Every structure is written in structure tokens, then in C-alpha cells.
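Input: a single structure, listed below in C-alpha cells.
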Amino acid sequence: VRQAAAMPKQPSPQWSRTPPSDAQIAGFLARVADQPFSYREVGATKGGPPPGYNFDDNAVQLGRGAEVFARGCAALRAWRMFPAPWTRIRPADAPIREGQTVAMLARAFGLWWLSSCRIVYVVDETTPVRRYGFAYGTLPAHVEQGEELFSIEWRADDTVWYRVLAFSRPRYWPVRLAKPLARNLQRKFVRDSKAAMVLAVSTPA
């Protein structure tokens, strides 16, 4: 009796007690390069939040005027909204363009983990407000599933804001079991990300 061919195993998030090496990160990125998005509502951060997800919308004022807007955009392009030392993006110089795949490296509860994301779309608008940013979505090798939009907004009153909008839900059963801890970690990321962007605009690279 012929046996059915085994389905290829999908890459999953990588966990370790020590930071992964550059070679390990490169290998992870190679394995997830062809993964599809892990959720159906791709691009939904452009509209209302889809049902069945946690929804978050947070913003912080960075200052006023054209120079602050330019600094905020530069910080976004350099991925400086990911707060060090417990999160980072690899490759660190990944360009902001649709289809770009990145690894998000994070550390919490004594563990390091790698998760995969891909940029869904890029925003560069002049009306109704001047806005620059991008959304990225999760791939199967991610502990959550959903989408996150990072943007810099220069509003009609001349104020400049950094905004983080996301819908998400746990993908892996350990994260579902520890959902309160996961949600606390998401809130910590937002707080630290806003602080990182305020610092980045005040001390541009």
C-alpha cells in the first residue's frame, strides 16, 4: 500500500535561551521567504478592524512641523520604533517596501524568539493629512496572527504624531493559554515603541 507523501513542515517561530546568531537568523529568513500570510484579512488595517481579533490604536505626539515629520519618517525607515534592547528587526537595514520579509527578534520571560512578518503595503499620503508609514502582517512562523500599521502623521494643526494600529490574536497554543501575559507584552511594546520614537526624533541618527 502506497503511503501518501508527508506534507512539508511549515517553519515555526524559533525559541532559545540565548540570542540567535547572524547565521541562524539568516537561515530562519531563508526558510520563511515563501510563506504566505497567516491570516485572511490582509490589508484590513486600511479600514475597520475585522471581527475575532484584539484591536489596538495608540498614538503619541512627536512635536510640530516639517522637520519633526521628516525625522519621524527617517526613524520609521530605520525601524527605530522597535524598542531596544528587548526587540529588534533583522535585517536591521531592511528596506520599507511591499513584500519585504523580516524577522522580529524579541526577548521576554528569559527567552529569545524569532517571528516572521512581511510588509503588506506602504503609505505615503498628502490628504486628508500628510502621512507616511507601512503595515506588516504575520507569517505562519509567528506567535501571533494579524497586522500592524506604523505611521507618522503631520496633521492640519501642525502637530506630528507616531501612530501604531494593530489587530491580532494568538496563533500558537502556549500563547493562547498565556493570553493575559501576551496582551501585557503587547501593551509594553506599544509603550516602549512610543518612547523609542520620541527619543529617535529628539536625537536623530
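Heavy-atom basis, side chains included; hydrogens, waters and symmetry copies ignored. Nothing here was measured: the structure is a model prediction, and the numbers come from that model. Throughout, numbering of the chain's residues begins at 1 and tracks the sequence.
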Next on the checklist: Test of understanding: with salt bridge (Lys or Arg N to Asp or Glu O under 4.0 Å), list the residues that count as partners of R131, not counting sequence neighbours.
Outcome noted: E125
Next on the checklist: Under the rule for side-chain contact (heavy atoms from CB on, under 4.5 Å), what residues qualify as partners of A108, not counting sequence neighbours?
Outcome noted: W113, L185
Item to check | Those residues that, when tested against R155, pass salt bridge (Lys or Arg N to Asp or Glu O under 4.0 Å) (two or more places apart) | outcome: E153
Item to check | Full working for side chain to side chain contact (heavy atoms under 4.5 Å, CB included) between R90 and V102 | outcome: CA-CA 6 Å; R90 293 292 183 267; V102 297; over 6 Å; no
Checklist entry - Is there a donor-acceptor pair closer than 3.5 Å between any side-chain N or O of R118 and the backbone N or O of Q35? => result yes
Next on the checklist: Under a 3.5 Å distance rule, please check whether S38 uses its side chain to pair with a backbone N or O of Q145 as donor and acceptor.
Outcome noted: no
Item to check | Exercise: identify the closest heavy-atom pair between M197 and G72 | outcome: CE-O, 3.7 Å
Item to check | Pairing residues for W112 by the side chain to side chain donor-acceptor pair (under 3.5 Å) criterion, not counting sequence neighbours | outcome: none
Next on the checklist: Does any part of the side chain of I152, heavy atoms only, come nearer than 4.5 Å to the side chain of L62, both counted from C-beta?
Outcome noted: yes
Checklist outcome for this item: In this structure, CD1 of I89 is separated from CD1 of I25 (nearest 0.5 Å) by 10.5 Å
Item to check | Test side chain to side chain contact (heavy atoms under 4.5 Å, CB included) applied to V32 and T101, step by step | outcome: CA-CA 8 Å; V32 304; T101 299; 4.0 Å; yes
Item to check | Partners meeting ring pair (Phe, Tyr, Trp, His ring centres under 6.0 Å) with F37 (sequence neighbours left out) | outcome: Y39
Checklist entry - So with a 6.0 Å cut-off around CG of D157, is the heavy-atom count from everything else above 12? => result yes
Next on the checklist: The criterion is ring pair (Phe, Tyr, Trp, His ring centres under 6.0 Å); which residues satisfy it with W79, sequence neighbours excluded?
Outcome noted: F134
Checklist outcome for this item: Smallest heavy-atom separation, P83 atom then S193 atom, equals CG-N, 4.0 Å
Item to check | Within-4.5 Å side-chain heavy-atom neighbours: V198 and V60 | outcome: yes
Checklist entry - Which word best sums up how the rings of F82 and F150 line up, parallel for under 30°, tilted for 30 to 60°, or perpendicular for over 60°? => result tilted
Checklist entry - What residues, two or more places apart in sequence or in another chain, satisfy salt bridge (Lys or Arg N to Asp or Glu O under 4.0 Å) together with K46? => result none
Checklist entry - P20 versus L105: any side-chain heavy-atom pair under 4.5 Å? => result yes
Next on the checklist: Just to verify, what does A59 make a side-chain contact (heavy atoms from CB on, under 4.5 Å) with, not counting sequence neighbours?
Outcome noted: W161, R163
Next on the checklist: Donor-acceptor check, side chain of E148 to backbone of V164, threshold 3.5 angstrom: yes or no?
Outcome noted: no
Checklist outcome for this item: Smallest heavy-atom separation, Q24 atom then P19 atom, equals OE1-O, 4.5 Å
Checklist entry - Can you hop from V129 to Y121 via hydrophobic side chains spaced under 4.5 Å? => result no
Next on the checklist: Please find the pair of heavy atoms, one from I119 and one from I96, that lie closest to each other, and give the distance.
Outcome noted: CD1-CA, 3.9 Å
Item to check | Listed partners of Y132 passing side chain to side chain donor-acceptor pair (under 3.5 Å), at least two apart | outcome: none
Item to check | Heavy-atom pair of closest approach, residues P170 and E144 | outcome: N-OE1, 3.2 Å
Next on the checklist: Under the ring-ring contact (aromatic ring centres under 6.0 Å, His included) definition, can you give me all pairs with a residue in residues 44-70, not counting sequence neighbours?
Outcome noted: Y53-F167, F69-W154
Checklist entry - Taking it one step at a time, do R130 and V160 satisfy side chain to side chain contact (heavy atoms under 4.5 Å, CB included)? => result CA-CA 9 Å; R130 182 73 178 94; V160 178; over 6 Å; no
Checklist outcome for this item: Residues passing the side chain to side chain donor-acceptor pair (under 3.5 Å) test with Q186, sequence neighbours excluded, are S168, R183
Checklist entry - What closest approach, in Å, do T203 and L199 show between heavy atoms, and which atom pair accounts for it? => result OG1-O, 2.7 Å
Checklist entry - Do V201 and Y162 have side chains that get closer than 4.5 Å, going by heavy atoms? => result no
Checklist entry - When you check the gap from the basic side-chain N to the acidic O, do R77 and D93 get nearer than 4.0 Å? => result no
Checklist entry - Does L114 reach the side chain of M104, with side-chain heavy atoms less than 4.5 Å apart? => result no
Next on the checklist: Going by the rule side chain to side chain donor-acceptor pair (under 3.5 Å), which residues pair with E67 if we only count those two or more places apart in sequence or in a different chain?
Outcome noted: R71
